[in-house]
**Student:** 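Pasting a structure below so you can have a look.
Heavy atoms only: backbone and side chains are in, while hydrogens, waters and symmetry mates are out. These figures come from a predicted structure and were not determined experimentally. Labels below follow one simple rule: chain letters A, B, ... track the order of the sequence lines, proteins then strands, and each chain is numbered from 1.
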Amino acid sequence: MTDATSRITVNGRELECRAAAHLSLLRWLRDHVGALEVKYGCGEGVCGACAVLIDGQAVNSCLVLAAQIDGRAVTTSAGLGSPSGGLGRLQQAFLDRGAAQCGFCTGGMLVTAAEFAGAGEALDRRSIRDALHGNLCRCTGYQAIVDAVDDVLRDQGSSSPPAGGWT
Amino acid sequence: MTTVGGRDEVQRSDASQLRVVGRPLPRTDAAEKIAGSTRYAADLALPAMLHTRLVRSTLPSARLVRRDTARARSLAGVVAVLLGEDVPHNEVWVDVPGQQTEVRALKARSQVLATGRVRYHGQPIALVVAESEDVLAEAEALVDVEYEELPGVFDPEEALGEEAPRVHEDGNLLAEWHIDSGDAATALERAPIVIEGQYRTQFVDHAYLEPEAGVAWLDDDGVITIRASTQVVEHFRDIAAILGVPQARIRVIAPYVGGGFGGKEDMTVEPYLALAVLRTGRPVRMVWTRQESLLARPKRHPMRLRYRTGAENDGTLVAQDIEILADTGAEAYLGALVLLYSSVTAAGPYRCPNVRVRARAVYTNHPPCSAMRGFGAMQVVFGCEAQIDELARRLQLTPDEIRRRNAIREGDRLPVGQQIVTPIWLGETIDQVLRAAGPRPEPSRPHCRVGRGIASNLQPYGRLVWLQDTAAAWIGFQFDGSVTLRCGVPDIGGGQAASLGQIAAEVLGVDPARVTVHFGDSARTPLAGTSTATRQLYMSGNAAHLAATRLRDQTLDAVAEAAGRARGALRLGPGGVEGGGEPIALPRALELVRGLGVPLEVLATFHGPRGRAVARDLAAERVFPDFTVGTHLADVEVDCDTGQIRVVRYLACHDVGRAINPQSVSGQICGGAAMGIGSALTEEIVLESGINLTAGFFQYRIPTALDLPDIEAIALESGAGMGPFGARGIGEPPIGPPAATIANAVRDAIGVRLTELPMTPERVLAAIRAQAHTDPPRPAPTGP
Amino acid sequence: MYVRPFGYTRPASPLEACEHLRRDDGAKVLAGGQSLLPLVNLGLSTPSLLVDIQSLGDLHGLHLEGEQLVIGASTTHRMLERDAQVRRVAPLLAASVREVGNLRVRNRGTIGGSVAHADPAAELPMCLIVLEARYLVDNGARVRSVPAADFATGFLTTRLAPDELLTRIEVPAAGPDWGWGFQEVARRAGDFALVAAAAIARCEGTLVADLRIGLAGVAPRPVRCPTLEAAARGRSPEALPELAPLVDPDIAPSDDSFTPAHYRAHLARVLAIRAAQDAARRSLDVRAA
Ligand SMILES: Cc1cc2nc3c(=O)[nH]c(=O)nc-3n(C[C@H](O)[C@H](O)[C@H](O)COP(=O)(O)OP(=O)(O)OC[C@H]3O[C@@H](n4cnc5c(N)ncnc54)[C@H](O)[C@@H]3O)c2cc1C
Ligand code: FES
Ligand code: FES
């Protein structure tokens, strides 16, 4: 088959994906769904700018075909907002800490952080660095990013998740 | 006090009076970037848009025997395939400043699309334009290019030989600078202590996360509009020259850029997009792959440095003799200027009466080298600070003592002749890192050793004075009291636009959220010059400050007149016009102003200091507006069995003058330090006989979060810089010290100096093995 | 990023998958895609059809079958990393898989893909030869079992025929008194190893009774170190370092443009001993407990 049809939920919206079979999830999201917050940075799985969640797990959307994820739910960084439409907890922490400079890595960082922040594990700073090491950032030296994630995980340790989770 | 045309007095401000400036407010652009709604260069799609891709040379040096596009053109979906012959002006001539051939000023030639020969691997040869991205891969492969391989030259020393293949007809020497201050040769002969060393730096890539991209279209009135990821909207002039159309017909828009670091200072996608639009009349998008970006976009110059440093027995520097050989690759780009920065800063932030510098930049068949954060002033720190460190060891002085003893001060002259006209807080930056560092760490395992190192640097901010730099800004009140600021500055991720908004808000007394900044548009925002050379806060910041100050003054003058209040009592603040009675809300006050026919806007131009062009023999009262100094400290742990270096602690302190936005400042410092650590340890573009083997992000290793320790950024605020509110530039300076800092720390840990970047584990092991076991006793180098 | 278009199919059975592979020379198996799709994106692999085996339910998941751990080829790295049984029965696998790439790669990448791709620096195939695993290979008509040690034949090449699927991996459980060790040097966090070493060991008294060592990154395929293994028997863990040169006969590192062979050889010696000592100490700890 050269054209594949599948149903994919993107940030809560169920969409029919009728796309050429060779289309990566990255290209489908950007060119067909308009989810432009998902970025191309390398196409090799190294940089993490293209990261999205599939059923809650962070993946490289450049290394997944849209055709492969029939019936699954995709969350991009734009889907991490609060239910009321403002910034979500992680996003707010990124803002407070100045964790976005050029902002090109930011969506992927948020998505990766969302996976492990959502798992509710208590992580020290080194473990945060370990969990984020697959997301490259050339602007921040990671300092503000680690600070932001650290803030969220600390809050999380001291209270129970709000409705709708931490993201 | 404001700064006006031609003069460059320092603006001193009382930090306690500031309301917006200096506060860690989230940048205005950050929320959208975090929410994912910022639209970068590749994010635009227009109806009936075409897609393009370059066909690039597979060889580093060859004659193009045949270029046949017929097969590619016949592929369904291909709209056009362009060759050099299709480019209206395919010869681009660039001045090489200060350089002469025997008969004339040196100009360098390059081609937009190569026709006769190719000079580096990845050089563009043809441009494929197609209806869909999906046919580009095949179309590219169908362009037949037949090469006749020519001998190439891949070593800058060899390139200078009589017999070496010529990369360009004028010969392989692109640029040469000399500095002779005092008599270094004699001083070295007489000096009781002489340290010698040779150092090498590598090809480095900017590796911003956003690959080069843009969309272009033909707008009304025949204006070709190019919205691209760039640091320089002023390239519209170059594009017009290539296309042979009036400059007024080209418009360049720089949206928020996903990182620049100098790599988007030269043109990347712009001429190709413009050509495709010119040919087809349709909107066109071009996105380079990461692999293309690594393959052939200009790199940081690798340099070979030879230093001889002479000192008295008490550590006072008496002479430095410095030779610099830079591999500038196959095209001129900004190579001559990069080398100029190296030459001027090579002696470091020290006073030294006798300095000789001989610097050359040489063509090879390597990828071209050009601007990158630090711009030549970065590489030389690796040599200079190694020398200072070795000198301290020889004299059993601590590294901070030797630096303090020789630190340059206000009023001193650099070897080039430029006088330092602002206070230099070098000693303070050293104090700060030492105080913050605390005790040295202990080795975590038996086969590991730890060490501590520091290094300092001096980096210019603002452009070379003979470029007569200017920046303009337009600022206006809207009727409701909100503020519109227009300034041509591209925002490359450093918060350039947001900082301007903060400055305007400070001066006009409004909430920063009420200021909207329009930036980066060569046709619709006043030109502010390039987002390069750590100049934007200094230049555009001053322009915005000037415009805002004039707007404030003319507004208050008019209100005083209309409302019959004493002018001296009035100020702009949160309540609108305050003083001399009940506050007048801003909209009402502006109504009064309009009633008098006084405009609500100001266009202001800020002029940087001016100077005369330099010649090969550098001696100038002034080369740069001013400098930023800093000191870094690293604790490292070296695994003596595997050779791995782990940075366990990192501190970076710079005198930033005034932190307009402290968050942006520490972001610049941490980011610069991280990039420098990458250069120190893992990053390198690897070439073999001119073939670039660094095929992607698997091979080009920028540090990850796990490779870095927490980086502590310390911003000192002398208030003594030439930017608004006494700010200095901080974009580039933090890239300077890291490699030397780490090399000094490794030296401290294992007793051997690494002289080549990157300091890979195999190089560490080789150095340990080569080491003689009899090391002279070393003092503990640092520690309060 | 600019890929040549290809087709995609999701077979319902191994048989159907193998038929696709037989019919179409350009067809390739797609598992987690974390090795194949980077090659496709870079234009280094130009398949005509991708046969997605993730739809084959039998290939997912892992369970204990008597004395062995049976792992479906489509089991992701992340499942291995998190599974309590793996941690108990094959702690070497649990530890080494954490060094594979990054979180996102481990969320998608599969053990079968890693084995079939046969990157000489990959962690899992090396650990599997140390654990003396067996691989089940299916062409839709016939299933055969191949010892892990015989599977890879060279750089990115294996004994898999073009129409065969790797379906499962059988890992014999080492006894409770075995310890394990894993060591890796990479140029950067998450990178492929320059050299990685895995070891399992069993001690009697204070001496090494049994030791198996594997190395990745020092030959076109992962290797065991029989010379060193034999010499280690009957020695104390502290006495192992002097045996380091005995890895030399079993490795064949080559120079590449990024890393000299002599450095890989050096790392092989250092890491083999570190892994072996860790394994022996863990075995002693178990016996002490
Ligand atoms: C950034 C990055 C870093 C990485 N770092 C590491 C690392 O440090 N160590 C490491 O080991 N790996 C690393 N990998 C690779 C990763 O482990 C892959 O997941 C793995 O090598 C391949 O598994 P896959 O399921 O993704 O296979 P795929 O990519 O889908 O397939 C790989 C190859 O195997 C074939 N194949 C797959 N499954 C089968 C099967 N069941 N039967 C027959 N043929 C099959 C495919 O046809 C293809 O040729 C990295 C990958 C990336 C992108
Ligand atoms: S673009 Fe997908 S990881 Fe870089
Ligand atoms: S903020 Fe620019 S890459 Fe991370």
**Student:** Give, for atom OH of A:Tyr40 and atom CZ of B:Arg290, the distance between the pair rounded to the nearest 0.5 Å.
**Tutor:**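 So the gap between those two atoms works out to 7.0 Å.
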
**Student:** Does any heavy atom of chain A fall under 4.5 Å from the side chain of B:Gln668, the backbone, both, or neither of them?
**Tutor:**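 Both parts, heavy atoms under 4.5 Å.
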
**Student:** Report which part of A:Ala144 has an atom under 4.5 Å of a heavy atom belonging to chain B: side chain, backbone, both, or neither.
**Tutor:**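 Nothing of A:Ala144, per the 4.5 Å heavy-atom cut-off to chain B.
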
**Student:** Using a 4.5 angstrom heavy-atom cutoff, name the option from B:Ala674, B:Ala705, B:Gly671 with the most pairs to chain A.
**Tutor:**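 Between B:Ala674, B:Ala705, B:Gly671, the count favours B:Ala705.
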
**Student:** Non-hydrogen atoms of chain A under 4.5 Å away: do they reach the side chain of B:Ala42, the backbone, both or neither?
**Tutor:**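 Contact with chain A: backbone and side chain both.
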
**Student:** Any Lys/Arg nitrogen of A:Arg27 or B:Asp134 sitting under 4.0 Å from an Asp/Glu carboxylate oxygen of the other?
**Tutor:**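 Between B:Asp134 and A:Arg27 there is a salt bridge, with a charged N closer than 4.0 Å to a carboxylate O.
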
**Student:** Any donor-acceptor pair under 3.5 Å linking the side chain of B:Glu210 with the backbone of A:Phe104?
**Tutor:**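 Looks like no, no N/O pair under 3.5 Å.
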
**Student:** Calculate, to the nearest 0.5 Å, the distance between atoms CG and CD belonging to B:Asp43 and A:Glu37 respectively.
**Tutor:**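 That separation rounds to 9.0 Å.
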
**Student:** So does B:Asp710 pair up with A:Arg129, basic N to acidic O under 4.0 Å?
**Tutor:**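 Salt bridge between B:Asp710 and A:Arg129, a charged N being under 4.0 Å from a carboxylate O: yes.
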
**Student:** Do the side chain of B:Tyr256 and the main chain of A:Gly103 share a donor and acceptor less than 3.5 angstrom apart?
**Tutor:**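 Not confirmed, B:Tyr256 side chain does not pair with A:Gly103 backbone.
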
**Student:** With a 4.5 angstrom heavy-atom cut-off, which part of B:Pro709 approaches chain A: side chain, backbone, both or neither?
**Tutor:**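 For B:Pro709, the contact with chain A is made by the backbone alone.
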
**Student:** Could you tell me which non-hydrogen atom of A:Cys102 sits nearest to which non-hydrogen atom of B:Tyr40, and how far apart they are?
**Tutor:**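 In terms of heavy atoms, the two residues are closest at O-OH, 2.6 Å.
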
**Student:** Using non-hydrogen atoms only, which part of A:Asn135 is less than 4.5 Å away from chain B: side chain, backbone, both, or neither?
**Tutor:**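 Neither part; nothing is under 4.5 Å.
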
**Student:** Decide yes or no on side-chain contact (heavy atoms from CB on, under 4.5 Å) for A:Cys139 and B:Tyr208, but give the supporting numbers first.
**Tutor:** CA-CA 8 Å; A:Cys139 300; B:Tyr208 28 67; over 6 Å; no

**Student:** Report the option among B:Ala207, B:Gly36, B:Gly696, B:Gly259 that has the most heavy-atom pairs separated by less than 4.5 Å from atoms of chain A.
**Tutor:**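 Ranked by contacts with chain A, first place is B:Ala207.
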
**Student:** If we ignore hydrogens and angles and just use 3.5 Å, is the side chain of A:Gln91 paired with the main-chain N or O of B:Ala31 as donor and acceptor?
**Tutor:**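 Not confirmed, A:Gln91 side chain does not pair with B:Ala31 backbone.
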
**Student:** Under 4.5 Å heavy-atom distance to chain A, tell me which part of B:Ile492 shows up: side chain, backbone, both or neither.
**Tutor:**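 Only the backbone of B:Ile492 comes within 4.5 Å of chain A.
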
**Student:** Which residue out of A:Thr106, A:Leu132, A:Leu136 racks up the most heavy-atom pairs below 4.5 Å with chain B?
**Tutor:**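 Most pairs with chain B among the choices: A:Leu136.
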
**Student:** Please round to the nearest 0.5 Å and tell me the distance separating atom CG of A:Asp96 and atom CD1 of B:Ile34.
**Tutor:**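 Nearest 0.5 Å value for the CG-CD1 distance: 8.5 Å.
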
**Student:** Please check: side-chain N/O of B:Arg27 versus main-chain N/O of A:Gln101, any donor-acceptor pairing under 3.5 Å?
**Tutor:**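 It does hold such a pair.
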
**Student:** Considering only heavy atoms, which portion of B:Ala30 lies under 4.5 Å from any heavy atom of chain A: side chain, backbone, both, or neither?
**Tutor:**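 The answer is both parts of B:Ala30.
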
**Student:** Among B:Gln663, B:His206, B:Met675, which residue forms the greatest number of heavy-atom pairs with chain A at distances under 4.5 Å?
**Tutor:**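 Winner by heavy-atom pair count: B:Gln663.
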
**Student:** Flag the one option from A:Gly34, A:Gly98, A:Gly41, A:Gly86 with the top tally of heavy-atom pairs under 4.5 Å to chain B.
**Tutor:**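 Heavy-atom pair counts peak at A:Gly41.
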
**Student:** Within a reach of under 6.0 Å around CZ of A:Arg7, are more than 12 heavy atoms found that belong to other residues, nucleotides or ligands?
**Tutor:**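 Enclosed.
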
**Student:** Which bit of B:Ala45 is near chain A, if near means a heavy-atom gap under 4.5 Å: side chain, backbone, both or neither?
**Tutor:**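 Contact with chain A: none, neither part.
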
**Student:** Applying salt bridge (Lys or Arg N to Asp or Glu O under 4.0 Å) to A:Arg30 and B:Glu133, what does each step give before you reach the verdict?
**Tutor:** CA-CA 13 Å; A:Arg30 285 181 57 82; B:Glu133 278 176 48; over 6 Å; no

**Student:** When you measure from the side chain of A:Tyr142 to the backbone N and O of B:Pro703, does any donor-acceptor pair fall under 3.5 Å?
**Tutor:**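 Present.
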
**Student:** For the pair A:Gln143 (side chain) and B:Cys670 (backbone), establish whether a donor and an acceptor sit closer than 3.5 Å, ignoring hydrogens and angles.
**Tutor:**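 Flag not set: sc A:Gln143 to bb B:Cys670 has no pair under 3.5 Å.
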
**Student:** Assess whether side chain to side chain donor-acceptor pair (under 3.5 Å) is satisfied between B:Gln291 and A:Glu44, documenting all intermediate values.
**Tutor:** CA-CA 10 Å; B:Gln291 295 70 37; A:Glu44 301 172 59; 2.8 Å; yes

**Student:** For B:Tyr650, which atoms come within 4.5 Å of any heavy atom of chain A: side chain, backbone, both, or neither?
**Tutor:**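 Contact with chain A involves no heavy atom of B:Tyr650 at all.
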
**Student:** So what's closer than 4.5 Å to chain A heavy atoms on B:Asp707: side chain, backbone, both or neither?
**Tutor:**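 For B:Asp707, no heavy atom lies under 4.5 Å from chain A.
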
**Student:** At their closest point, which heavy atom of A:Cys47 faces which heavy atom of B:Leu209, and how far apart are they?
**Tutor:**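 Closest heavy-atom pair between A:Cys47 and B:Leu209: CB-CD1, 3.9 Å.
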
**Student:** Taking everything shown except B:Arg39 itself, do over 12 heavy atoms lie less than 6.0 Å from its CZ?
**Tutor:**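 Yes, the 6.0 Å shell around CZ holds more than 12 heavy atoms from other groups.
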
